[in-house]
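Order of appearance sets the numbers: ligands from 1, and atoms from 1 within every ligand.
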Amino acid sequence: MLNLMQKGSMEERKTYIVANWKMNFTMEESNLFLHKLAQKIAPAKGLEIILAPSIFTLQSLSLQVDYKQFRLAAQNFYYKDFGAYTGEVAIAQLRGIAEYGLVGHSERRHIFGETVEDTGHKTAAAIRSKVTPILCIGETMEERANGETNDVIYDQLVGGLSGVTSSHIRHVLIAYEPVWAISTGGGGTVSAVCSPDDLLDTIKVIRSHIKHLYGAKVSKDIRVLFGGSVNAENIKSYLQVDGVDGALVGGASLNVESFSNIIRKTKEIRQEKK
Ligand code: PGA
């Protein structure tokens, strides 16, 4: 598992683009997608492209993927290492296949009832298995309307990071995904758009909570991604926001053309920022 921060301080700061395919694609479609994407995307220094396919295709993709081009992530996993947990997959079983694991995606929290405590166990399990957790946090529309964003984010950070010591925090990525800005069903109706200004405000909140929990250096160094209807048209505006290190892409990652355009725009903005 990479020590993200040390690596970042020795080299230039990386940008992370994660494709969250959710419950889409058959095995054949996943293989074909990887094949087509691989032909379109040249590896770029400082850019980490992470594919999060359905769990059953992870192994097949892991045998085909060129790790100079792409990394793999689990969308979900259970936090016990092994045992009598019918139907579950342990992150320990995915070691060597997935380098990253999503934790606490809003669909897990809101559709499957994943609790803040569960996210804490999962983040700790990922670290134990040397898989980099990507802790997803974000408020609902109602919580935002009630002025609870700050508190919700704080609780999700405290709970999700409960088992993470100050030495292990270096291995964690945070993804801010306001639930109200996530497109439903991968390209369906979007509730609202998160503007770059909205994003900046919440990124500041996240980093200030991290400062409170782990200190000023960690708060500056920790990688924070944004997710919520990111596409090739808006990616640059989000990556320009101070303190944003990448994106978690759902709907727009399901099409080779649109996802490779996102990568192309990300490379451009990295060049522009130099
Ligand atoms: P979206 O999904 O890009 O379709 O909004 C993002 C996510 O849910 O991770």
Novice: Can you measure from CZ (R13) to CZ (R223) and round to the nearest 0.5 angstrom?
Specialist: 4.0 Å

Novice: Does E139 use its side chain to pair, donor to acceptor, with the backbone of V179 at less than 3.5 Å?
Specialist: no

Novice: Under 3.5 Å between any N/O of G250 and any N/O of ligand 1: does that happen in this structure?
Specialist: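 Min N/O separation from ligand 1 is below 3.5 Å for G250.
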
Novice: Looking at E257 and K40, does any basic side-chain N land under 4.0 Å from a carboxylate oxygen?
Specialist: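 Salt bridge between E257 and K40, a charged N being under 4.0 Å from a carboxylate O: yes.
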
Novice: Just distances here: any N/O of A252 and N/O of ligand 1 closer than 3.5 Å?
Specialist: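 No, there is no polar N/O contact under 3.5 Å.
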
Novice: Any idea which atoms of ligand 1 are less than 4.0 Å away from a heavy-atom of N20?
Specialist: 9 (O)

Novice: Can you list the ligand 1 atoms lying under 4.0 Å from a non-hydrogen atom of S229?
Specialist: 1 (P), 3 (O), 5 (O)

Novice: Regarding R128 and D81, does a basic nitrogen lie under 4.0 Å from an acidic carboxylate oxygen?
Specialist: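 Counted as a salt bridge, because a side-chain N and a carboxylate O are separated by less than 4.0 Å.
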
Novice: Please could you name the atoms of ligand 1 that L248 approaches to less than 4.0 Å, counting only its heavy atoms?
Specialist: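 Per the distance check, 9 (O).
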
Novice: Counting each atom of ligand 1 from 1 as listed, which ones have a heavy atom of G251 under 4.0 Å away?
Specialist: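 Answer for ligand 1: 1 (P), 3 (O), 4 (O).
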
Novice: What atoms in ligand 1 come closer than 4.0 Å to a heavy atom of K22?
Specialist: 2 (O), 7 (C), 8 (O)

Novice: Would you mind listing which atoms of ligand 1 come within a distance below 4.0 Å of any non-hydrogen atom of G228?
Specialist: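 Those of ligand 1 that fall under 4.0 Å from G228 are 5 (O).
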
Novice: Looking only at non-hydrogen atoms, find the nearest pair between P133 and V131 and report the distance.
Specialist: CD-O, 3.2 Å

Novice: To the nearest 0.5 Å, what is the distance between OG1 (T119) and CG (L161)?
Specialist: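 One finds 8.0 Å between OG1 of T119 and CG of L161.
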
